[in-house]
Amino acid sequence: MSAELLKGKPVADAIADEIRSSIARLASLPVPITPGLATVRLGSRSDDIAYERNIIKRAESLGLRAKNLSLPETASQDELLSAISDLARDDSVHGILPFRPMPPHIKGGALKQAIPPEKDIDCIGAPSSASVYDRSLPGFLPCTAEAVIELLRFRKIPLEGANVVVLGRSMVVGRALALLLLDENCTVTVCHSKTRGIEAISSKADILICAMGRARKVTAPYIKTGAAVIDVGINDDGNGGICGDADYESVSQIAGTITPVPGGIGTITNTILIRHAVNACIAAKRKD
Ligand code: NAP
């Protein structure tokens, strides 16, 4: 048996259609408005530049206005905060995405406070984080965690009462997902690097979320027969490419469904980020 592939593209395409409709509605208003997104990069890390290129291309192809602010790696924290504060005041920018990690001389707390919650499309600040715990609060969810929920819903994988094991407890992925899955009425177990007997726990999961950042660590003994395996990991495969946390060859023999890496959750994440910018624009318009 080989597991069915849960590709990210159909999910991303459906979200993109939703984005295009929202943009068309905003363009047909008596005073038309185009959603705008700004990326903020300090330095020239190649993965930041690749991410920036990707986001800007995708945003523009969907009809947003995108701009990128790049500062030298030596720019001071004050220079960075002043540039972000300009974007915060700019009515044509609805979402701000700073690439992290920032160089060590930039204090994470300062960055978190600089981005106004209504433009915090990547869930960096405290108000957005609070909204993960209490969905009645305003704020944008962490994009990757939201991407996983979108995929599970899109593929109609039963969630209510499902036993879900999340491998990883980072604030932006594992922990956020655990809370979002609770909201979907799943029974959630979170494992981390100090968990004993992970295989015995994960092999009871109807849905296994792999978010450890450990290349091909999850093998057949981790998997319940027929389980849905959602692989969030993006790891260097040692051959110039990327691979997930799941060892695809062995896991796909046991699982019922599995997301590929690349081509799975990562494909959805960027589109979610862009949807956040569009929704931020809609919310700003409502406030006028
Ligand atoms: P992270 O902050 O490094 O957190 C990793 C988590 O995995 C930690 O909670 C850690 O436990 C746990 N862990 C590490 N090794 C483990 C092991 N051997 N057994 C059990 N638990 C283990 O990473 P992250 O930011 O959450 O990202 C996780 C992965 O998702 C990475 O590969 C990252 O590149 C990828 N990612 C993908 C997307 C996407 O769009 N697809 C977006 C963001 C991140 P402790 O807490 O005990 O240290």
Side-chain angles (χ1 to χ4, degrees), residues 5-9 11-12 15-16 39 45-48 50-55 58-59 97-102 108 121-124 128-129 132 140-152 154 164-181 188-205 208-219 221-223 228-238 241-248 251 258-276:
L5 265 191
L6 298 173
K7 289 192 179 169
K9 188 172 182 302
V11 188
I15 299 167
T39 58
R45 280 169 24 131
S46 57
D47 46 352
D48 286 350
Y51 187 22
E52 174 185 281
R53 199 180 299 127
N54 242 324
I55 287 286
R58 181 79 167 144
L97 171 70
F99 296 118
R100 294 171 297 161
M102 288 270 170
I121 55 174
D122 201 25
C123 195
I124 288 174
S128 300
S129 300
V132 180
F140 295 104
L141 297 174
C143 297
T144 305
E146 190 175 335
V148 171
I149 300 291
E150 286 283 347
L151 177 110
L152 292 169
F154 185 89
V164 183
V165 172
V166 181
L167 304 179
R169 60 172 165 179
S170 73
M171 295 299 279
V172 286
V173 189
R175 198 172 298 222
L177 252 173
L179 291 166
L180 299 183
L181 289 161
V188 184
T189 307
V190 180
C191 298
H192 46 80
S193 66
K194 308 291 183 291
T195 302
R196 296 191 200 112
I198 290 196
E199 294 175 20
I201 299 168
S202 70
S203 59
K204 300 207 168 47
L208 179 64
I209 316 274
C210 308
M212 296 182 290
R214 295 282 178 269
R216 302 191 181 107
K217 166 98 182 140
V218 175
T219 50
Y222 283 72
I223 311 296
V229 177
I230 311 297
D231 194 350
V232 176
I234 299 179
N235 309 294
D236 187 340
D237 71 356
I242 59 169
C243 68
D245 286 0
D247 176 46
Y248 183 81
V251 169
I258 183 168
T259 58
V261 179
I265 294 301
T267 311
I268 308 168
T269 303
N270 288 355
T271 312
I272 299 262
L273 182 91
I274 292 164
R275 178 168 72 181
H276 287 176

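This structure is a prediction, so every number in the text was calculated from the model and none was measured. In each ligand, atom 1 is the first atom listed, and ligand 1 is the first ligand listed.
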Problem set entry | Those protein residues which place at least one heavy atom below 4.0 Å from ligand 1 | T144, G168, R169, S170, V173, H192, S193, I198, A211, M212, G213, R214, K217, V232, G233, I234, N235, I265, G266, T269
For this session: Test side chain to side chain contact (heavy atoms under 4.5 Å, CB included) on E146 and F140 and set out the steps.
Result: CA-CA 9 Å; E146 190 175 335; F140 295 104; 5.9 Å; no
For this session: Go through the steps to decide whether D122 and R100 satisfy the test side chain to side chain contact (heavy atoms under 4.5 Å, CB included), and finish with yes or no.
Result: CA-CA 11 Å; D122 201 25; R100 294 171 297 161; 3.8 Å; yes
Exercise. With sequence neighbours excluded, what pairs up with D247 under the salt bridge (charged side-chain N to carboxylate O under 4.0 Å, His left out) test?
Worked result: none
For this session: Verify side chain to side chain contact (heavy atoms under 4.5 Å, CB included) between L167 and D245, making sure each step is shown before the conclusion.
Result: CA-CA 10 Å; L167 304 179; D245 286 0; over 6 Å; no
For this session: Taking the side chain as every heavy atom from C-beta outward, state whether M212 and C191 have any atom pair closer than 4.5 Å.
Result: no
For this session: Check the pair F154 / I268 against side chain to side chain contact (heavy atoms under 4.5 Å, CB included), numbers first and verdict last.
Result: CA-CA 12 Å; F154 185 89; I268 308 168; over 6 Å; no
